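All values reported here derive from a predicted model rather than from experimental measurement. Chain naming here is simple, since letters A, B, ... match the order of the sequence lines and numbering starts at 1 in each.
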Amino acid sequence: MKLSQYPLYVQSALFAVVLAIAGYLLITLLNPPLEPALMFALGLLLGGFCAPLLIRPASPDEIPTTTLYVGNLPYRANEASVRALFETFGQVLSVRLMKDKQTGKRRGFGFVEMPKDAAQAALQALNDSEFQQRTLKVREANERKEEDNEERQEPS
DNA sequence: ATTGAGCGT
């Protein structure tokens with residue numbers, strides 16, 4: 001259980017309390033004209049505002065990840081079977097089988113998110129491979145919106 | 001329910 005697992009406001013609150021206690025202790029040691037309670041409150045405020053800047057948001061992109069487009073899937077295939085298939089090549093962070101908004105039926109394609117190296121291995125191995133009587137198409141997904149975990153394209 | 005190239009709340 002890491003601290004980064006918790007929501008940012010929890011981290012901020014913790015950070016603020018620590019600052020507040022530190023301010024309280026400091027003010028107690030120095031014994032200045034300021035009220036210890038006031039120093040505690042100032043520490044809370046300062047910590048509350050600074051914590052979001054100092055604490056990095058919970059980072060799901062510690063591992064560089066790649067999203068694969070998987071097409072030509074059988075309509076019967078469920079998320080679990082697709083995940084199991086790709087997990088033979090590494091960790092699977094997410095599987096999204098696209099369904100029709102109205103009917104809820106699967107559209108025959110989806111997206112699998114894996115670590116970069118595992119994704120490449122899965123792409124090479126599973127593209128044009130047979131899966132439940134269908135020949136899969138595995139490509140690198142076209143990022144739809146600017147995602148947080150895309151590699152910087154080096155200017156060549 | 002059905003279908004068969006496709007790039008997503």
Side-chain angles (χ1 to χ4, degrees), chain A residues 1-23 40-156:
Chain A
M1 24 173 70
K2 297 179 181 178
L3 183 59
S4 59
Q5 302 285 340
Y6 292 88
L8 190 59
Y9 69 89
V10 173
Q11 302 182 35
S12 300
L14 205 62
F15 192 76
V17 169
V18 170
L19 269 189
I21 293 178
F40 192 89
L42 286 179
L44 273 178
L45 279 178
L46 186 64
F49 280 108
C50 289
L53 301 178
L54 299 182
I55 301 178
R56 296 182 311 193
S59 52
D61 41 20
E62 292 180 358
I63 304 175
T65 176
T66 297
T67 300
L68 296 175
Y69 163 84
V70 184
N72 215 28
L73 281 168
Y75 294 127
R76 331 189 118 182
N78 56 12
E79 178 174 314
S81 61
V82 174
R83 170 180 286 268
L85 177 66
F86 280 81
E87 270 179 347
T88 63
F89 299 94
Q91 179 186 9
V92 174
L93 300 179
S94 67
V95 175
R96 307 159 73 93
L97 297 187
M98 291 316 168
K99 302 178 183 179
D100 189 281
K101 276 301 189 187
Q102 330 228 322
T103 66
K105 291 183 303 187
R106 285 181 265 269
R107 298 174 59 189
F109 73 94
F111 298 91
V112 177
E113 186 181 7
M114 302 181 70
K116 180 93 175 74
D117 48 358
Q120 290 303 323
L123 193 157
Q124 295 298 328
L126 294 179
N127 184 38
D128 289 331
S129 71
E130 287 292 319
F131 177 63
Q132 297 181 5
Q133 316 293 331
R134 303 276 313 172
T135 303
L136 293 184
K137 295 181 181 179
V138 184
R139 309 282 129 96
E140 287 190 5
N142 312 133
E143 56 251 53
R144 170 170 173 89
K145 54 186 178 183
E146 49 181 31
E147 286 293 340
D148 43 346
N149 51 11
E150 273 305 323
E151 292 185 352
R152 302 287 172 260
Q153 304 218 354
E154 303 176 358
S156 49

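- Within residues 94-105 of chain A, the residues that place at least one heavy atom under 4.0 Å from DNA chain B are, in residue-number order, A/R96, A/M98, A/K101, A/K105.
- A/L68 places its CG atom 18 Å from the P atom of B/dG6, with the value rounded to the nearest Å.
- Between the C1' atom of B/dC7 and the CD atom of A/E113 lies a distance of 15 Å, rounded to the nearest Å.
- Here the P atom of nucleotide B/dT9 and the CZ atom of A/R106 are 16 Å apart, to the nearest Å.
- Close to B/dG8, at under 4.0 Å from its OP1 or OP2, lies a side-chain N or O of A/R144.
- An aromatic stacking contact links A/Y75 with the base of B/dT3, defined here by ring centres under 5.5 Å apart and ring planes under 30° from parallel.
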- Starting from the C-alpha separation in whole Å, work towards a yes-or-no answer on side-chain contact (heavy atoms from CB on, under 4.5 Å) for A/K137 and A/R139. CA-CA 7 Å; A/K137 295 181 181 179; A/R139 309 282 129 96; 4.2 Å; yes

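- Atom CD of A/E79 and atom C1' of B/dG8 are 13 Å apart (whole Å).
- Counting to the nearest Å, the P atom of B/dT3 and the CZ atom of A/R134 are 11 Å from each other.
- Using a 4.0 Å heavy-atom cutoff across all strands shown, A/G71 reaches no nucleic acid atom at all.
- Toward the 5' end of DNA chain B, the nearer of the two residues A/R139 and A/L73, judged by each one's closest nucleotide, is A/L73.
- Put simply, the side chain of A/Y69 and the base of B/dA5 share no donor and acceptor less than 3.5 Å apart.
- Distance check: A/S94 OG to A/R83 CZ gives 7.5 Å after rounding to the nearest 0.5 Å.
- The closest side-chain donor-acceptor pair between A/T67 and A/E113, if any, does not fall under 3.5 angstrom.
- Here A/F111 packs flat against the base of B/dG8; its ring centre is closer than 5.5 angstrom to the base's six-membered ring, tilted by less than 30 degrees.
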- Task: Show your reasoning for whether side-chain contact (heavy atoms from CB on, under 4.5 Å) applies to A/S81 and A/Q132.
- Result: CA-CA 10 Å; A/S81 61; A/Q132 297 181 5; 4.2 Å; yes

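- Checked by atom type, the side-chain pair A/N78/A/R106 shows no donor-acceptor distance below 3.5 Å.
- Crowding of A/E130 atom CD: a count of heavy atoms from other residues, nucleotides or ligands under 6.0 Å exceeding 12.
- Test A/F86, A/F109, A/F111 against A/V70 for side-chain contact (heavy atoms from CB on, under 4.5 Å) and you get one pass: A/F86.
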